[in-house]
Amino acid sequence: MSELAQASEVQGLLEAAQAVPVTKARHAVPSTPAPTRLDVPSKSAPTHIQNTPSKPNHSEPITKTSAPQETIVTKPSLPQTMNREDRINCLAEIAGRVSKCTKCKELAETRTQTVFGVGNPEAKVMFIGEAPGADEDKQGEPFVGRAGKLLDKIIEACGWTREELYICNILRCRPPGNRNPSPIEADNCSEYLQAQIETVDPDYIVCWGTIAAQNVLNSKTPIGRMRGELFERGRARVLCTYHPSYLLRNPPAKKLVWEDLKILLAEMGIDPDKK
């Protein structure tokens with residue numbers, strides 16, 4: 001699907017979902033520029049994050065001087081100003097469309113139900129994982145299995161609750177055998193993800209795992225090279241780190257994830273040692 005066609009499809013999806021009049025603005029969402037690397041220190045640099053301009057110049061991507069520039073293209077967003085009730089209604093409308101989606105024939109035939117997303121429709125922080133597993137397919141909610149239990153502990157360590165966040169995945173159907181989502185499947189589901197991001201309009205996005213990071217930022221860079229720094233997607237700051245299921249298989253990586261999250265907390269003005 002072309003960039004223009006997909007942007008038009010997302011816009012149509014959001015316009016159809018906004019069934020109630022807008023009465024109270026939270027804040028307007030500018031059209032989405034290409035996500036760019038933010039000028040933050042490398043892993044070997046001091047732990048503080050350099051301040052970025054409040055109104056960055058998007059005419060040229062911001063990139064780390066130590067790495068070659070990477071252009072990451074995303075689809076334009078639909079400007080909107082919605083109150084909480086509007087956002088709830090909009091997400092419910094999109095979820096209804098997702099529940100009837102059959103774009104991916106194999107997934108539609110093997111799923112128990114779709115797994116749309118849960119949480120605060122006005123969340124400052126959005127978590128994006130890869131795809132539902134067996135537990136999620138059964139319960140209809142993302143991150144409820146073993147990896148979800150670990151994620152709950154991570155959320156608590158950050159001083160948050162699940163209810164404060166918005167949590168979803170790249171896919172809304174479980175791939176058979178918990179295999180990785182295919183590029184075609186991720187592309188088919190991207191309009192729903194885009195609509196969720198635009199509706200919630202988070203200040204920060206955390207991508208859990210390679211599949212999430214590469215799809216959200218339209219990049220082929222492996223997660224090991226994307227972690228430890230911040231990117232920009234539209235107006236949202238984006239942090240990429242390892243998926244909780246990877247941590248279950250490789251417990252020493254928990255320390256790296258915590259280092260990544262401390263970067264995000266510092267950007268948010270939160271001292272993790274003084275929660």
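Because only heavy atoms are used, hydrogens play no part in the values below, and waters and symmetry mates are left out as well, while side chains stay in.
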Completion exercise
Rounded to the nearest 0.5 angstrom, the NE2-CH2 distance for H243 and W208 is 9.0 Å
Exercise for the section: Drop me the distance from I205's CD1 to Y166's OH, to the nearest 0.5 angstrom. Expected result: 12.5 Å
Problem - salt_bridge(R111, D137) N-O dist < 4.0 Å - result: no
Problem - E191/R97 salt bridge by N-O under 4.0 Å criterion - result: no
Exercise for the section: Give, for atom CG of L193 and atom CD of E198, the distance between the pair rounded to the nearest 0.5 Å. Expected result: 10.0 Å
Handout entry: Under 3.5 Å: donor-acceptor pair, side chain of Q214, backbone of T221
Key = yes
Exercise for the section: Show the numbers, then the answer: is there a side-chain contact (heavy atoms from CB on, under 4.5 Å) between D203 and K124? Expected result: CA-CA 5 Å; D203 297 330; K124 291 184 63 175; 3.3 Å; yes
Handout entry: E185 and its salt bridge (charged side-chain N to carboxylate O under 4.0 Å, His left out) partner, picked from K103, R179, K105
Key = R179
Problem - Side chains of E130 and I170 in contact at under 4.5 Å (non-hydrogen atoms) - result: no
Practice task
Identify whether I88 and M126 are in the same connected component of the hydrophobic contact network (ILVMFWY, side-chain heavy atoms under 4.5 Å).
Solution key: no
Completion exercise
CE (M226) and CG (D260) are apart, to the nearest 0.5 Å, by 11.5 Å
Handout entry: Hydrophobic cluster membership, Y192 vs V115, 4.5 Å side-chain cutoff
Key = no
Problem - Whether R174 side chain and P132 backbone form a donor-acceptor pair below 3.5 Å - result: no
Problem - Expected output: side-chain E93 to main-chain C90 donor-acceptor under 3.5 Å - result: no
Practice task
Take E259 and R227 through the side-chain contact (heavy atoms from CB on, under 4.5 Å) test and state the conclusion after the steps.
Solution key: CA-CA 9 Å; E259 289 176 358; R227 59 161 296 272; 3.8 Å; yes
